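Have a look at the structure below, then the notes.
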Number of protein chains: 2
Amino acid sequence: MKDVASAAGVALKTVSRVVNGEPGVNPATAERVRAAIDELGYSRNESARVLRQGRTSTIGLVIEDISDPFYAGLGRAVEQVAISHGCLLLSGSSGEDPGRERELVRTFCARRVDGLIVVPAGDDHSYLRSELDAGTPAVFVDRPPGPGIDVDTVLCDNAGGARLAVAHLRSAGHRRIAFLGDNPAIFTAIERLAGYRGALGELFDRDLVSMRAPDPAGTGADLDRMLAMPDPPTALFTGNSRVTVTALRALRGRRLALTGFDDFELADLLTPGVTVVAQDPAGLGRVASELLFRRLAGDRGPAQHLQLPVRLITRGSGEIPPHSGEISPHSGEISPHSGEMPPHSG
Amino acid sequence: MKDVASAAGVALKTVSRVVNGEPGVNPATAERVRAAIDELGYSRNESARVLRQGRTSTIGLVIEDISDPFYAGLGRAVEQVAISHGCLLLSGSSGEDPGRERELVRTFCARRVDGLIVVPAGDDHSYLRSELDAGTPAVFVDRPPGPGIDVDTVLCDNAGGARLAVAHLRSAGHRRIAFLGDNPAIFTAIERLAGYRGALGELFDRDLVSMRAPDPAGTGADLDRMLAMPDPPTALFTGNSRVTVTALRALRGRRLALTGFDDFELADLLTPGVTVVAQDPAGLGRVASELLFRRLAGDRGPAQHLQLPVRLITRGSGEIPPHSGEISPHSGEISPHSGEMPPHSG
DNA sequence: GTGAAAGCGCTAACAT
DNA sequence: ATGTTAGCGCTTTCAC
């Protein structure tokens with residue numbers, strides 16, 4: 001900048017004014033400065049600007065895994081909102097590790113991000129206290145913060161979605177509906193279990209519940225155990241798309257009704273199409289980041305707790321009636337496709 | 001830091017030494033400083049450090065769309081390598097827009113990222129000249145830079161993969177093999193077309209080629225046109241997973257052999273399983289970022305041009321023989337699953 | 001082993 | 001309309 005100033009024969013401040021588009025510069029002078037900038041290939045050092053202004057125009061995003069389509073969709077939405085506010089996105093994957101989550105938050109804060117969007121892995125966020133007090137707003141998304149921390153939160157209607165799924169299977173006549181959940185350390189897994197349990201009422205049977213991180217061997221074993229029961233399940237409710245896919249692979253030809261929580265690409269192309277309760281990952285990301293930017297704009301209101309609706313998408317697998325017997329998976333079932341699915345919508 | 005210094009009764013520089021783990025500090029003094037740091041909840045301002053040191057420990061990643069599983073996998077690999085080198089990742093999606101790509105690069109450079117990893121959208125990268133000269137290394141991945149820019153590049157074996165796919169279909173007896181490509185502005189689309197053409201030799205028929213961005217209406221129309229030909233294709237080679245999925249939806253019951261470029265999750269669960277030439281997005285990301293960190297470590301050698309191998313994964317759709325007629329898609333075909341696919345590996 | 005001073009590149013506040 | 005000065009929070013250099 002100093003070089004530009006002397007090349008253009010003006011003072012440092014004038015260059016600064018031109019670079020920042022501040023008013024009160026003679027057009028001719030401004031033009032001379034711009035010429036010097038082009039010639040020298042100058043570009044403002046944002047680090048210095050940040051140091052001076054205290055704002056980085058950067059927000060930090062902590063998610064579980066950017067390569068998971070759900071979080072990728074969420075991340076993309078956050079990115080777009082950030083861009084529209086002139087901000088960049090610093091992102092990191094926690095991999096469901098609370099320590100890593102904390103480390104990422106700490107690192108982001110040390111770099112003075114203007115705000116944070118967090119899909120928490122752990123349930124103790126007291127470490128955020130000092131950052132929040134220091135004026136770095138945070139928004140939690142998909143899962144709430146641990147006790148004692150009250151910040152803006154955007155969740156899905158997990159329990160409601162689970163009830164919807166169970167009611168759908170019940171309406172097809174099922175009374176033995178298994179739940180394949182996920183690691184019970186995950187908030188959404190517990191919420192969905194609660195919704196499932198509530199919707200089943202006296203039909204609930206704890207032997208039809210599996211709460212573990214999906215993996216081919218374990219999920220398959222749980223499924224085998226349930227199907228070997230005297231009164232086996234005729235329908236499956238799977239707690240998220242990873243579980244759904246693991247279960248579909250484990251099922252291999254055994255024909256059970258299935259409704260999954262979480263939409264996924266190609267659900268409509270499977271045979272039969274997979275009925276799901278769809279969340280809106282992009283909506284989560286968008287709403288969360290809009291909340292964050294409202295805070296950055298100065299909103300000091302009480303913490304908001306938003307819940308986004310879910311919706312049932314019927315494609316065939318959830319409409320299979322009970323006791324249809326163990327027939328081939330490709331026995332001429334016409335799968336009602338629910339139309340094109342926009343890429344990555346769930 | 002000033003506050004910490006006076007709280008601990010030492011000079012600024014001593015605090016700095018403690019924070020950076022520099023040697024030559026009396027353990028007792030260091031302990032006093034650490035206590036003060038904890039008490040005041042101090043954390044170093046990275047922006048100031050950056051300004052002084054000139055290194056941000058941040059790398060910039062420009063990809064097409066973080067919500068695309070292929071790029072998400074690539075991004076995750078880059079993130080992991082970055083983390084292992086103590087760097088953070090600033091990322092942005094170009095959305096296949098050269099202007100946006102350039103804007104992102106410019107912004108990242110203004111923030112003084114230590115290096116760049118770019119999946120280019122455009123084919124003019126002369127704007128990078130000044131940044132490269134200024135010492136910011138860049139690695140191109142998935143697609144090469146435009147003419148005149150010679151930097152480290154990591155590509156897939158696009159032409160070889162296309163030849164592999166075509167040879168596979170030919171070995172099943174097909175002679176009329178259509179190619180559904182993508183927007184010809186995309187490097188990989190052209191490379192794969194070239195491989196397809198080369199592998200077909202005199203069997204090549206330009207009427208069996210569609211080069212357009214996949215979309216249900218357009219791709220469907222192209223497919224209909226080809227299938228209405230007097231000598232219609234009996235097999236399809238699709239140029240990437242988005243095209244593959246679009247084509248599968250457009251096919252709806254019409255039974256053609258199909259081999260796709262690019263693996264995708266659930267390819268094994270479809271009926272029949274979808275045979276693909278699999279790339280390794282995580283490998284691309286990992287190799288590209290390792291190349292970048294080698295540069296950051298001081299490697300001044302000539303630009304490297306790496307090509308990663310692809311491999312054929314047979315699952316059923318590519319093994320359908322020609323002239324099997326127009327029968328129901330669920331007519332008892334046993335789809336040879338190729339085993340579990342690790343989530344998001346393709 | 002510790003400290004004082006200079007300065008990274010920029011912008012805010014105050015001249016002129 | 002333009003210039004001068006101070007200082008953001010840290011690290012570097014050199015002195016003690």
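Note on naming: letters A, B, ... go to the chains in the order of the sequence lines (proteins, then strands), and numbering restarts at 1 for each one. These figures come from a predicted structure and were not determined experimentally. Computed over heavy atoms, backbone and side chain alike; hydrogens, waters and symmetry mates excluded.
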Do you see a donor-acceptor pair shorter than 3.5 Å between the side chains of [X] and [Y]?
X	Y	value
B:T58	A:R111	yes
B:T188	B:N158	no
B:E79	A:S93	yes

(request) Any chance you could measure B:R44, atom CZ, to B:I37, atom CD1, to the nearest 0.5 Å? (result) 10.0 Å
(message) If I take atom CD1 from residue A:I117 and atom CG from residue A:L74, how far apart are they, to the nearest 0.5 angstrom?
(response) 8.0 Å
Produce the list of close N/O pairs, under 3.5 Å, pairing protein atoms with atoms of nucleotides 13-16 of chain C; give distances to one decimal.
none

(request) With a 4.0 angstrom cut-off to heavy atoms of chain A, pull out the first and last contacting nucleotide of DNA chain D, in 5'-to-3' order. (result) D:dA1 to D:dG9
Over how many whole Å does the gap from [X] atom [atom1] to [N] atom [atom2] extend?
X	N	atom1	atom2	answer
B:L51	C:dT11	CG	C1'	12 Å
A:R55	C:dA12	CZ	P	11 Å
A:D3	C:dG9	CG	P	9 Å
B:L12	C:dC8	CG	P	18 Å

(request) Let me know, please, whether A:G9 or B:N45 comes out on the 5' side of the other along DNA chain D by nearest nucleotide. (result) A:G9
(message) Between A:R129 and A:D133, does any side-chain N to carboxylate O distance fall below 4.0 Å?
(response) yes
(request) Indicate yes or no: does B:E103 engage B:R100 in a salt bridge with an N to O separation below 4.0 Å. (result) no
(request) Quick one: label A:A48 by what it contacts on the DNA or RNA (base, sugar-phosphate, nothing), any heavy atom closer than 4.0 Å. (result) base
(request) Just call it for A:V10: base, sugar-phosphate, or nothing, with non-hydrogen atoms closer than 4.0 Å on any strand. (result) sugar-phosphate
(message) Side chains of A:R106 and A:Y127, heavy atoms from C-beta outward: is any pair under 4.5 Å?
(response) no
(message) Would A:D150 and A:H305 count as a side chain to side chain donor-acceptor pair (under 3.5 Å) here? Give the steps.
(response) CA-CA 9 Å; A:D150 185 33; A:H305 302 102; 2.9 Å; yes
(message) Pair A:L155, A:L308 - check side-chain contact (heavy atoms from CB on, under 4.5 Å), show working.
(response) CA-CA 6 Å; A:L155 307 176; A:L308 263 46; over 6 Å; no
(request) Output yes when at least one side-chain N/O atom of B:T14 is less than 4.0 Å from OP1 or OP2 of C:dT2, else no. (result) no
(message) Angle between ring planes, A:H125 versus A:F140, binned at 30° and 60°: parallel, tilted or perpendicular?
(response) perpendicular
(request) Scan residues 19-42 of chain A against DNA chain C and write down, sorted by residue number, each residue with any heavy atom closer than 4.0 Å; if none is found, say none. (result) A:N20, A:Y42
(request) Please confirm whether any donor atom in the side chain of A:R49 sits under 3.5 Å from an acceptor in the base of C:dG9, or the reverse. (result) no
